[in-house]
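One structure is given below, encoded as structure tokens.
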Amino acid sequence: MRELSTEVTRTIEAPAEDVWSYRLDFLNLPRYNADVRGIECTDQGGSDHVGATYRFDLVTGDRSTPVELRVTETVPGELVAIDMDGAIRASERFTVTPGPGGCHVVICLTMFIPDQFPSSGDAALLANGEAQIGAELDCMRQLVGAPVGGGDHG
């Protein structure tokens with residue numbers, strides 16, 4: 001198994017706590033990721049949301065893949081970490097840092113690629129992953145804040 005990692009950053013004109021809370025409620029996921037269908041919470045997790053589990057279908061083109069998402073770590077107002085099991089296992093770390101006029105948000109995505117997947121497809125998988133999390137953040141900043149110029153990557 002090999003790991004592929006990327007990260008995308010955005011600035012969102014909203015309080016860090018608001019952005020963090022919005023991300024922590026994964027029932028919001030279809031609002032900022034149009035490929036997510038039929039999401040349901042199957043376990044609320046603990047008081048810190050660690051252990052919360054969600055199931056949904058990820059629809060890309062004519063393909064639908066069932067996904068299970070688990071919250072693995074939270075730091076109020078700062079971090080939401082998740083693991084996802086689907087066609088490819090992945091983990092994300094969503095961090096929020098307060099800043100002038102809003103907050104700085106970073107999603108670090110790591111995909112765990114089985115050895116039977118040819119490495120010739122790694123660049124495309126990485127580009128697709130980066131596009132997916134970038135689009136999520138772009139949509140999220142329209143939902144919870146207004147875009148702030150500069151400082152964005154990915």
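Please read these numbers as outputs of a predicted model, since none were measured by experiment.
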Just by modelled atom types, is the L79 backbone N or O under 3.5 Å from a matching donor or acceptor in the W20 side chain? yes
Restricting to non-hydrogen atoms, name the atom on C103 and the atom on A14 that form the minimum distance, rounded to 0.1 Å. SG-O, 3.5 Å
How far does CG of L29 sit from CG of L58, to the nearest 0.5 angstrom? 9.0 Å
Could you state whether V80 and V50 fall into the same hydrophobic cluster, counting links through intermediate Ile, Leu, Val, Met, Phe, Trp or Tyr residues with side-chain heavy atoms under 4.5 angstrom apart? no
Indicate yes or no: at least one non-hydrogen side-chain atom of I113 is less than 4.5 angstrom from one of E3. no
Sorted by chain and number, sequence neighbours left out, side chain to side chain donor-acceptor pair (under 3.5 Å) with S5 holds for T110
Between R55 and E40 (salt bridge meaning N to carboxylate O under 4.0 Å), is one present in this structure? no
Nearest non-hydrogen partners of V59 and G61, listed with the distance: CG1-O, 4.0 Å
To the nearest 0.5 Å, tell me how far L126 CG sits from L109 CG. 8.0 Å
Mind listing the closest non-hydrogen atom pair of V8 and L137 along with its distance? O-CD1, 3.8 Å
Could you walk me through whether M140 and V19 pass the side chain to side chain contact (heavy atoms under 4.5 Å, CB included) test, one step at a time? CA-CA 8 Å; M140 187 181 292; V19 175; 4.2 Å; yes
Between L69 and L27, is there shared hydrophobic-cluster membership here, with clusters defined by ILVMFWY side-chain heavy atoms closer than 4.5 Å? yes
Show me, pair by pair, the donor-acceptor contacts under 3.5 angstrom made by side chains of residues 86-97, not counting sequence neighbours?
residue	atom	partner	partner atom	Å
E92	OE1	R23	NH2	2.4
R93	NH1	E73	OE1	3.0

Got a second to check how far M111's CE is from F117's CZ, nearest 0.5 Å? 11.5 Å
For the residue pair L24 and S21, establish whether any side-chain heavy-atom pair is separated by less than 4.5 Å. no
Report yes or no: do I133 and V67 belong to one cluster of Ile/Leu/Val/Met/Phe/Trp/Tyr joined by side chain heavy-atom distances under 4.5 Å? yes
Enter the distance from T60:OG1 to N128:CG here, rounded to the nearest 0.5 Å. 7.5 Å
Just wondering, more than 12 heavy atoms not from E68 lying within 6.0 Å of its CD? yes
After noting the C-alpha distance and the side-chain angles of I107 and E136, does the key distance pass the side chain to side chain contact (heavy atoms under 4.5 Å, CB included) rule? CA-CA 10 Å; I107 295 181; E136 283 185 4; 4.2 Å; yes
Is a side-chain N or O of T72 found less than 3.5 angstrom from the main chain of A81, in a donor-acceptor match? yes
Check salt bridge (charged side-chain N to carboxylate O under 4.0 Å, His left out) between R37 and all other residues, then give those that pass, not counting sequence neighbours. none
For a side chain to side chain contact (heavy atoms under 4.5 Å, CB included) check, start with the C-alpha distance between I82 and R70, then their side-chain angles and the critical distance, and finish with the verdict. CA-CA 5 Å; I82 62 172; R70 287 173 312 286; over 6 Å; no
Can you give me the closest heavy-atom contact between P76 and E17, atom names plus distance? C-OE1, 4.2 Å
Any residue meeting side chain to side chain donor-acceptor pair (under 3.5 Å) with D122, in chain and number order, not counting sequence neighbours: R2
Just verifying a value: how many Å separate I12 CD1 and Q142 CD, rounded to the nearest 0.5 Å? 9.5 Å
Using the test side chain to side chain donor-acceptor pair (under 3.5 Å), find all partners of N28 that sit at least two apart in sequence or belong to another chain. R31
Here the gap from T6 atom OG1 to E130 atom CD, rounded to the nearest 0.5 Å, amounts to 3.5 Å
Applied to residues 23-54, the ring pair (Phe, Tyr, Trp, His ring centres under 6.0 Å) test, sequence neighbours excluded, yields Y22-Y32, F26-Y54
